[in-house]
Amino acid sequence: MRSLVTHRPATPLAILALVACLGSTALTITVPIITAAQPAQAKKSDAHAPVGGIHELKIGDAAPDFSLPGIDCKTHSLADYKGGEILMVVFLSNHCPDSHAAQGRILKLAAEMKDKGLVVIAINPNNPDGVSIDELGYSKYSDSFEDMKKYAADTKLTIPYLYDGEKQVLAKAYGCLATPHVFIFDAQRKLRYKGQFDDSRFGEESTVHSTDARNAVVALLARKPVPVAVTRPHGCATKWLENRAHIAANIAKWDKTPVDVAPIDAAGVAALRKNGTKKVRLFNVWATWCAPCRTEFPELVKTSRQFSNRDFELITISLDEPKDLDKAKAFLEKQGAGLPNRLKAALKAEGRATNSYLFTGANTNELIAALDPDWPGPAPHTVLVGPTGNVIWRHNGPVSGDELRAKVLEYMGEYYIP
(Lines give C-alpha, C1' and ligand atoms only; values in the text may rest on other atoms or scores of the structure.)
Protein backbone atom coordinates (compact mmCIF):
# COMPACT_ATOMS: atom_id res chain seq x y z
CA MET A 1 0.00 0.00 0.00
CA ARG A 2 1.17 3.50 -0.72
CA SER A 3 1.93 5.33 2.52
CA LEU A 4 -0.94 7.49 3.76
CA VAL A 5 1.46 10.15 5.00
CA THR A 6 3.78 11.67 2.45
CA HIS A 7 7.16 12.79 3.76
CA ARG A 8 8.19 15.46 1.36
CA PRO A 9 11.52 17.24 1.24
CA ALA A 10 11.56 20.57 3.01
CA THR A 11 10.09 23.32 0.84
CA PRO A 12 11.28 26.92 1.21
CA LEU A 13 8.72 28.73 3.30
CA ALA A 14 8.53 31.58 0.83
CA ILE A 15 7.14 29.17 -1.77
CA LEU A 16 4.69 27.60 0.70
CA ALA A 17 3.39 31.00 1.72
CA LEU A 18 3.01 32.09 -1.89
CA VAL A 19 1.10 28.94 -2.84
CA ALA A 20 -1.18 29.19 0.21
CA CYS A 21 -1.96 32.82 -0.52
CA LEU A 22 -2.67 32.50 -4.24
CA GLY A 23 -6.06 33.82 -5.07
CA SER A 24 -5.73 36.76 -2.69
CA THR A 25 -4.82 40.22 -3.84
CA ALA A 26 -1.22 39.61 -2.87
CA LEU A 27 -0.04 37.75 -5.96
CA THR A 28 3.58 38.67 -5.40
CA ILE A 29 4.96 38.19 -1.93
CA THR A 30 8.39 38.17 -0.42
CA VAL A 31 8.46 35.92 2.62
CA PRO A 32 11.90 35.41 4.13
CA ILE A 33 12.97 32.11 5.60
CA ILE A 34 12.26 32.05 9.34
CA THR A 35 14.86 33.73 11.43
CA ALA A 36 14.97 34.20 15.16
CA ALA A 37 17.42 35.83 17.49
CA GLN A 38 19.46 33.12 19.21
CA PRO A 39 21.18 33.36 22.58
CA ALA A 40 24.93 33.57 22.50
CA GLN A 41 25.22 30.33 24.45
CA ALA A 42 22.21 28.06 24.18
CA LYS A 43 21.52 25.69 27.02
CA LYS A 44 22.29 22.06 26.28
CA SER A 45 19.41 19.94 25.15
CA ASP A 46 17.26 18.44 27.89
CA ALA A 47 14.72 15.61 28.05
CA HIS A 48 12.15 17.66 26.11
CA ALA A 49 14.58 18.84 23.46
CA PRO A 50 14.55 17.79 19.82
CA VAL A 51 17.69 17.02 17.86
CA GLY A 52 19.62 20.27 17.67
CA GLY A 53 18.57 21.50 21.10
CA ILE A 54 16.06 23.88 22.55
CA HIS A 55 16.71 27.07 24.47
CA GLU A 56 15.07 27.65 27.84
CA LEU A 57 13.78 31.21 27.85
CA LYS A 58 14.00 32.47 31.43
CA ILE A 59 12.08 35.13 33.31
CA GLY A 60 13.68 38.49 32.52
CA ASP A 61 15.01 37.39 29.11
CA ALA A 62 14.28 39.54 26.08
CA ALA A 63 11.72 38.31 23.55
CA PRO A 64 13.51 36.64 20.63
CA ASP A 65 12.86 38.44 17.38
CA PHE A 66 11.25 36.70 14.42
CA SER A 67 10.23 37.08 10.79
CA LEU A 68 7.32 34.74 10.09
CA PRO A 69 4.53 34.43 7.54
CA GLY A 70 0.98 34.88 8.76
CA ILE A 71 -2.28 33.56 7.40
CA ASP A 72 -2.92 37.12 6.17
CA CYS A 73 -0.11 36.60 3.59
CA LYS A 74 2.08 39.18 5.33
CA THR A 75 5.43 38.79 7.04
CA HIS A 76 5.35 39.54 10.77
CA SER A 77 8.17 40.56 13.09
CA LEU A 78 8.45 41.43 16.76
CA ALA A 79 8.66 45.12 15.87
CA ASP A 80 5.15 44.96 14.41
CA TYR A 81 3.83 44.51 17.95
CA LYS A 82 5.85 47.14 19.77
CA GLY A 83 2.81 49.31 20.51
CA GLY A 84 1.20 47.07 23.10
CA GLU A 85 1.80 47.46 26.82
CA ILE A 86 1.82 43.68 27.23
CA LEU A 87 2.65 41.06 24.57
CA MET A 88 1.37 37.51 24.84
CA VAL A 89 2.92 35.00 22.47
CA VAL A 90 0.91 31.79 22.53
CA PHE A 91 1.92 28.71 20.61
CA LEU A 92 -1.21 27.02 19.22
CA SER A 93 -1.86 24.32 16.65
CA ASN A 94 -4.54 23.10 14.28
CA HIS A 95 -4.63 19.53 15.55
CA CYS A 96 -4.30 19.53 19.34
CA PRO A 97 -7.41 19.08 21.54
CA ASP A 98 -5.83 20.99 24.46
CA SER A 99 -5.14 23.86 22.08
CA HIS A 100 -8.71 23.74 20.76
CA ALA A 101 -10.09 23.79 24.30
CA ALA A 102 -8.05 26.80 25.41
CA GLN A 103 -8.46 28.81 22.22
CA GLY A 104 -11.86 30.27 23.08
CA ARG A 105 -10.63 31.43 26.48
CA ILE A 106 -7.50 32.92 24.92
CA LEU A 107 -9.58 34.89 22.41
CA LYS A 108 -11.88 36.05 25.20
CA LEU A 109 -8.91 37.41 27.19
CA ALA A 110 -7.47 39.08 24.07
CA ALA A 111 -10.78 40.85 23.38
CA GLU A 112 -11.29 41.92 27.02
CA MET A 113 -7.80 43.35 27.44
CA LYS A 114 -7.18 44.78 23.96
CA ASP A 115 -8.11 48.34 24.90
CA LYS A 116 -6.04 48.07 28.08
CA GLY A 117 -2.82 47.37 26.17
CA LEU A 118 -2.67 43.59 25.67
CA VAL A 119 -1.50 42.31 22.29
CA VAL A 120 -1.86 38.58 21.57
CA ILE A 121 -0.31 36.67 18.69
CA ALA A 122 -0.56 32.95 17.98
CA ILE A 123 2.23 30.91 16.42
CA ASN A 124 2.03 27.38 15.08
CA PRO A 125 5.36 25.71 15.99
CA ASN A 126 4.64 22.32 14.44
CA ASN A 127 6.06 20.77 11.31
CA PRO A 128 3.31 18.72 9.61
CA ASP A 129 5.81 15.97 8.79
CA GLY A 130 6.40 15.61 12.52
CA VAL A 131 2.74 14.74 13.18
CA SER A 132 1.63 11.12 12.94
CA ILE A 133 -1.76 10.48 11.37
CA ASP A 134 -3.10 8.97 14.61
CA GLU A 135 -2.39 12.32 16.32
CA LEU A 136 -4.94 14.03 14.07
CA GLY A 137 -8.00 12.44 15.68
CA TYR A 138 -9.33 15.75 17.01
CA SER A 139 -9.09 17.87 13.87
CA LYS A 140 -9.97 18.00 10.19
CA TYR A 141 -6.66 19.71 9.59
CA SER A 142 -2.98 18.98 9.78
CA ASP A 143 -0.49 21.56 11.07
CA SER A 144 0.60 22.68 7.61
CA PHE A 145 0.69 26.36 6.70
CA GLU A 146 -1.96 25.72 4.04
CA ASP A 147 -4.35 24.26 6.62
CA MET A 148 -3.82 27.09 9.10
CA LYS A 149 -5.97 29.43 7.01
CA LYS A 150 -8.81 26.89 6.86
CA TYR A 151 -8.58 26.14 10.57
CA ALA A 152 -8.55 29.85 11.47
CA ALA A 153 -11.62 30.48 9.32
CA ASP A 154 -13.47 27.50 10.81
CA THR A 155 -12.72 28.47 14.40
CA LYS A 156 -13.06 32.25 13.91
CA LEU A 157 -9.52 32.95 15.08
CA THR A 158 -9.35 36.73 15.50
CA ILE A 159 -5.68 37.17 16.41
CA PRO A 160 -2.63 36.98 14.10
CA TYR A 161 -1.68 33.36 13.36
CA LEU A 162 1.92 32.84 12.25
CA TYR A 163 3.80 29.78 10.99
CA ASP A 164 7.12 28.57 12.43
CA GLY A 165 6.88 24.95 11.31
CA GLU A 166 9.28 25.02 8.37
CA LYS A 167 12.49 25.62 10.35
CA GLN A 168 11.11 25.73 13.92
CA VAL A 169 13.82 28.22 14.86
CA LEU A 170 11.49 30.38 16.92
CA ALA A 171 9.94 27.43 18.77
CA LYS A 172 13.44 26.40 19.83
CA ALA A 173 14.41 29.97 20.72
CA TYR A 174 11.36 30.37 22.97
CA GLY A 175 11.54 26.83 24.35
CA CYS A 176 8.10 25.83 23.14
CA LEU A 177 7.35 22.43 24.63
CA ALA A 178 3.70 22.01 23.71
CA THR A 179 0.58 23.57 22.30
CA PRO A 180 -0.70 25.60 23.99
CA HIS A 181 2.39 27.22 25.54
CA VAL A 182 2.17 30.87 26.66
CA PHE A 183 4.89 33.51 26.97
CA ILE A 184 4.00 36.97 28.34
CA PHE A 185 6.30 39.98 27.99
CA ASP A 186 6.15 43.44 29.60
CA ALA A 187 6.42 46.82 27.85
CA GLN A 188 10.19 46.39 27.53
CA ARG A 189 9.55 42.94 26.04
CA LYS A 190 11.11 41.11 28.96
CA LEU A 191 9.62 37.74 29.82
CA ARG A 192 7.41 37.92 32.92
CA TYR A 193 5.34 34.72 32.62
CA LYS A 194 5.61 31.37 30.84
CA GLY A 195 3.66 28.14 30.99
CA GLN A 196 0.02 27.09 30.79
CA PHE A 197 -2.77 29.43 29.80
CA ASP A 198 -4.87 27.93 32.56
CA ASP A 199 -5.13 24.57 34.31
CA SER A 200 -7.92 22.94 32.26
CA ARG A 201 -7.60 20.71 29.22
CA PHE A 202 -11.37 20.89 28.67
CA GLY A 203 -13.37 23.46 26.75
CA GLU A 204 -15.84 24.31 29.50
CA GLU A 205 -14.86 27.36 31.57
CA SER A 206 -16.37 25.73 34.65
CA THR A 207 -13.43 23.30 34.66
CA VAL A 208 -10.87 26.11 35.04
CA HIS A 209 -9.56 26.67 38.57
CA SER A 210 -6.26 28.48 37.99
CA THR A 211 -6.21 31.35 35.47
CA ASP A 212 -2.44 31.79 35.44
CA ALA A 213 -1.98 33.72 32.18
CA ARG A 214 -4.91 36.02 32.92
CA ASN A 215 -3.50 36.65 36.42
CA ALA A 216 -0.14 37.58 34.90
CA VAL A 217 -1.71 40.02 32.44
CA VAL A 218 -3.82 41.69 35.13
CA ALA A 219 -0.79 42.06 37.43
CA LEU A 220 1.43 43.53 34.70
CA LEU A 221 -1.21 46.02 33.60
CA ALA A 222 -1.52 47.11 37.25
CA ARG A 223 2.30 47.46 37.49
CA LYS A 224 2.41 44.66 40.06
CA PRO A 225 4.59 41.54 40.25
CA VAL A 226 3.23 38.46 38.50
CA PRO A 227 1.89 36.18 41.27
CA VAL A 228 3.13 32.93 39.65
CA ALA A 229 5.72 33.49 36.96
CA VAL A 230 6.35 29.91 35.79
CA THR A 231 3.93 27.01 35.36
CA ARG A 232 4.13 23.77 33.42
CA PRO A 233 2.46 23.83 29.99
CA HIS A 234 0.08 20.99 29.23
CA GLY A 235 -1.10 19.84 25.84
CA CYS A 236 0.35 18.16 22.76
CA ALA A 237 4.14 18.03 22.56
CA THR A 238 5.69 20.19 19.86
CA LYS A 239 5.90 18.21 16.62
CA TRP A 240 9.51 18.49 15.58
CA LEU A 241 10.65 17.67 12.06
CA GLU A 242 13.13 15.25 13.60
CA ASN A 243 10.18 12.94 14.38
CA ARG A 244 9.77 12.22 10.68
CA ALA A 245 11.92 9.09 10.48
CA HIS A 246 10.24 7.53 13.51
CA ILE A 247 6.79 8.22 12.05
CA ALA A 248 7.78 6.74 8.68
CA ALA A 249 9.01 3.57 10.40
CA ASN A 250 5.73 3.22 12.30
CA ILE A 251 3.70 3.67 9.11
CA ALA A 252 5.79 1.05 7.31
CA LYS A 253 5.10 -1.36 10.18
CA TRP A 254 1.39 -0.50 10.12
CA ASP A 255 1.25 -1.12 6.36
CA LYS A 256 2.47 -4.69 6.92
CA THR A 257 0.01 -5.61 9.69
CA PRO A 258 -1.73 -8.92 8.85
CA VAL A 259 -5.50 -8.92 8.37
CA ASP A 260 -7.80 -11.70 9.57
CA VAL A 261 -11.10 -11.98 7.69
CA ALA A 262 -13.85 -13.83 9.53
CA PRO A 263 -17.12 -15.16 8.09
CA ILE A 264 -20.26 -13.48 9.41
CA ASP A 265 -23.99 -14.00 8.95
CA ALA A 266 -26.90 -11.58 9.29
CA ALA A 267 -27.31 -12.29 13.01
CA GLY A 268 -23.64 -11.48 13.59
CA VAL A 269 -23.97 -8.23 11.67
CA ALA A 270 -27.07 -7.29 13.68
CA ALA A 271 -25.18 -7.84 16.93
CA LEU A 272 -22.32 -5.60 15.79
CA ARG A 273 -24.76 -3.00 14.49
CA LYS A 274 -26.48 -2.85 17.88
CA ASN A 275 -23.11 -1.74 19.29
CA GLY A 276 -23.49 -1.21 23.05
CA THR A 277 -19.81 -0.29 23.47
CA LYS A 278 -18.24 3.13 24.02
CA LYS A 279 -17.02 3.16 20.45
CA VAL A 280 -18.34 4.85 17.36
CA ARG A 281 -18.47 2.18 14.65
CA LEU A 282 -18.00 2.86 10.96
CA PHE A 283 -19.48 0.03 8.87
CA ASN A 284 -18.48 -0.31 5.23
CA VAL A 285 -19.86 -2.92 2.83
CA TRP A 286 -17.56 -3.59 -0.09
CA ALA A 287 -16.27 -6.23 -2.52
CA THR A 288 -13.12 -6.84 -4.52
CA TRP A 289 -15.22 -6.92 -7.72
CA CYS A 290 -16.64 -3.43 -6.94
CA ALA A 291 -14.57 -0.68 -8.60
CA PRO A 292 -16.00 2.21 -6.48
CA CYS A 293 -15.29 0.12 -3.36
CA ARG A 294 -11.67 -0.27 -4.34
CA THR A 295 -11.41 3.44 -5.14
CA GLU A 296 -12.76 4.66 -1.81
CA PHE A 297 -10.90 2.19 0.40
CA PRO A 298 -7.75 4.27 1.04
CA GLU A 299 -9.97 6.97 2.57
CA LEU A 300 -11.52 4.41 4.92
CA VAL A 301 -8.09 3.22 6.03
CA LYS A 302 -6.94 6.82 6.51
CA THR A 303 -10.03 7.49 8.63
CA SER A 304 -9.42 4.36 10.72
CA ARG A 305 -5.85 5.39 11.38
CA GLN A 306 -6.68 9.01 12.09
CA PHE A 307 -9.17 8.09 14.83
CA SER A 308 -7.33 5.02 16.12
CA ASN A 309 -6.47 6.72 19.44
CA ARG A 310 -10.14 7.48 20.09
CA ASP A 311 -13.17 5.27 20.74
CA PHE A 312 -13.61 4.49 17.07
CA GLU A 313 -13.66 1.36 14.96
CA LEU A 314 -13.87 0.63 11.23
CA ILE A 315 -15.76 -2.61 10.52
CA THR A 316 -15.60 -3.87 6.93
CA ILE A 317 -18.02 -6.43 5.51
CA SER A 318 -17.08 -8.00 2.19
CA LEU A 319 -19.70 -9.19 -0.30
CA ASP A 320 -17.23 -11.49 -2.03
CA GLU A 321 -18.19 -15.13 -2.32
CA PRO A 322 -17.08 -17.26 0.66
CA LYS A 323 -14.64 -19.11 -1.61
CA ASP A 324 -12.90 -15.76 -2.26
CA LEU A 325 -12.13 -15.03 1.39
CA ASP A 326 -8.37 -15.18 0.69
CA LYS A 327 -8.82 -12.72 -2.15
CA ALA A 328 -10.58 -10.29 0.19
CA LYS A 329 -7.84 -10.78 2.79
CA ALA A 330 -5.12 -10.04 0.21
CA PHE A 331 -6.87 -6.82 -0.85
CA LEU A 332 -7.24 -5.62 2.73
CA GLU A 333 -3.60 -6.31 3.51
CA LYS A 334 -2.51 -4.48 0.38
CA GLN A 335 -4.57 -1.49 1.57
CA GLY A 336 -2.92 -1.57 5.01
CA ALA A 337 -6.24 -2.29 6.75
CA GLY A 338 -4.70 -4.18 9.67
CA LEU A 339 -6.26 -3.84 13.10
CA PRO A 340 -4.90 -0.85 15.09
CA ASN A 341 -3.05 -1.97 18.23
CA ARG A 342 -5.33 0.00 20.54
CA LEU A 343 -8.37 -1.95 19.32
CA LYS A 344 -6.98 -5.42 19.92
CA ALA A 345 -7.65 -5.47 23.66
CA ALA A 346 -11.16 -4.03 23.20
CA LEU A 347 -12.04 -6.64 20.59
CA LYS A 348 -10.67 -9.42 22.76
CA ALA A 349 -12.92 -8.27 25.62
CA GLU A 350 -15.88 -8.51 23.21
CA GLY A 351 -14.89 -12.02 22.17
CA ARG A 352 -13.80 -10.87 18.71
CA ALA A 353 -10.50 -11.26 16.91
CA THR A 354 -10.98 -8.97 13.92
CA ASN A 355 -12.88 -6.04 12.44
CA SER A 356 -12.85 -7.50 8.90
CA TYR A 357 -15.67 -9.79 7.85
CA LEU A 358 -17.09 -11.60 4.83
CA PHE A 359 -20.86 -12.02 4.61
CA THR A 360 -21.81 -15.67 4.11
CA GLY A 361 -25.57 -15.35 3.55
CA ALA A 362 -27.11 -16.07 0.17
CA ASN A 363 -29.61 -13.20 0.41
CA THR A 364 -28.21 -9.67 0.73
CA ASN A 365 -31.63 -8.47 1.85
CA GLU A 366 -30.87 -10.16 5.16
CA LEU A 367 -27.70 -8.08 5.41
CA ILE A 368 -29.61 -4.90 4.55
CA ALA A 369 -32.20 -5.63 7.25
CA ALA A 370 -29.47 -6.32 9.81
CA LEU A 371 -27.23 -3.37 9.01
CA ASP A 372 -29.31 -0.53 7.56
CA PRO A 373 -32.90 -0.89 6.30
CA ASP A 374 -32.47 2.45 4.48
CA TRP A 375 -29.63 1.05 2.36
CA PRO A 376 -30.87 1.11 -1.29
CA GLY A 377 -28.85 -1.99 -2.20
CA PRO A 378 -25.72 -1.19 -4.25
CA ALA A 379 -22.19 -1.35 -2.86
CA PRO A 380 -20.32 0.39 -1.42
CA HIS A 381 -22.49 1.38 1.49
CA THR A 382 -21.28 3.15 4.63
CA VAL A 383 -23.01 3.65 7.98
CA LEU A 384 -21.63 5.56 10.98
CA VAL A 385 -23.16 4.23 14.20
CA GLY A 386 -23.05 5.63 17.73
CA PRO A 387 -22.59 3.67 20.97
CA THR A 388 -26.33 3.06 21.37
CA GLY A 389 -26.75 1.87 17.79
CA ASN A 390 -28.02 5.24 16.59
CA VAL A 391 -27.25 6.11 12.99
CA ILE A 392 -25.05 9.22 12.89
CA TRP A 393 -24.58 9.27 9.13
CA ARG A 394 -25.07 6.99 6.14
CA HIS A 395 -23.87 7.16 2.56
CA ASN A 396 -24.44 4.97 -0.47
CA GLY A 397 -21.69 5.02 -3.08
CA PRO A 398 -18.04 5.99 -2.67
CA VAL A 399 -17.43 8.30 0.27
CA SER A 400 -15.58 11.58 0.35
CA GLY A 401 -12.89 11.15 2.97
CA ASP A 402 -13.10 14.77 4.07
CA GLU A 403 -16.88 14.61 4.46
CA LEU A 404 -16.66 11.33 6.36
CA ARG A 405 -14.05 12.60 8.81
CA ALA A 406 -15.98 15.83 9.29
CA LYS A 407 -19.05 13.78 10.30
CA VAL A 408 -16.98 11.75 12.77
CA LEU A 409 -15.54 14.90 14.33
CA GLU A 410 -18.91 16.61 14.43
CA TYR A 411 -20.19 13.75 16.58
CA MET A 412 -17.11 12.96 18.67
CA GLY A 413 -15.89 16.53 19.21
CA GLU A 414 -12.59 18.35 18.74
CA TYR A 415 -11.42 18.48 22.35
CA TYR A 416 -11.55 16.41 25.51
CA ILE A 417 -14.85 16.14 27.37
CA PRO A 418 -14.92 15.83 31.18
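Values below: every heavy atom of this structure, side chains too, minus hydrogens, waters and symmetry copies.
- At a threshold of 4.5 Å between non-hydrogen side-chain atoms, the residues Val131 and Ser142 do not count as touching.
- The two atoms that bring Leu339 and Ala353 nearest to each other are CD2-O, 4.3 Å, heavy atoms only.
- The closest side-chain donor-acceptor pair between Ser200 and Asp198, if any, does not fall under 3.5 angstrom.
- Ring orientation note: the planes of Tyr81 and His76 are close to parallel, at an angle under 30° on the 30°/60° scale.
- Minimum heavy-atom separation, Asp320 to Leu358: O-CD2, 3.4 Å.
- A cation-pi arrangement, defined by a distance under 6.0 Å to the six-membered ring centre and an angle within 45 degrees of its axis, is present between Arg310 and Tyr138.
- Using a 4.5 Å heavy-atom cutoff, the side chains of Phe331 and Val259 are not in contact.
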Practice problem: Please report the C-alpha distance between Val285 and Phe359 in whole Å, then the side-chain angles of each, then the deciding distance to 0.1 Å, and finally whether the side-chain contact (heavy atoms from CB on, under 4.5 Å) criterion is met. | Solution: CA-CA 9 Å; Val285 183; Phe359 182 64; over 6 Å; no
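- Heavy atoms only, all atoms of each residue included: Leu300 and Leu282 are closest at CD2-CD2, 4.3 Å.
- The side-chain heavy atoms of Val261 and Thr354, taken from C-beta on, include no pair separated by under 4.5 Å.
- Screening residues 177-193 for salt bridge (Lys or Arg N to Asp or Glu O under 4.0 Å), with sequence neighbours left out, gives Asp186-Arg192.
- In this structure, Tyr174 and Phe183 have perpendicular ring planes: the angle between them is above 60°, well past the 30° mark.
- In this structure, Arg405 pairs ionically with Asp402, as a charged nitrogen and a carboxylate oxygen lie closer than 4.0 Å.
- Annotation for Val217 and Met113: closest pair CG1-CG, 4.2 Å, computed over non-hydrogen atoms.
- More than 12 heavy atoms of other residues, nucleotides or ligands sit less than 6.0 Å from atom CZ of Arg342.
- A salt bridge between Asp372 and Arg394 is present, with a side-chain N of the basic residue lying under 4.0 Å from a carboxylate O of the acidic one.
- Aromatic ring orientation, Phe307 versus Phe312: tilted (interplanar angle from 30° to 60°).
- Residue pairs satisfying the side-chain hydrogen bond (donor to acceptor under 3.5 Å, both in side chains) criterion with at least one member in residues 109-123, sequence neighbours excluded, are listed as follows: Glu112-Arg214.
- In this structure, Arg352 and Leu272 have side chains that are in contact, with non-hydrogen atoms separated by less than 4.5 Å.
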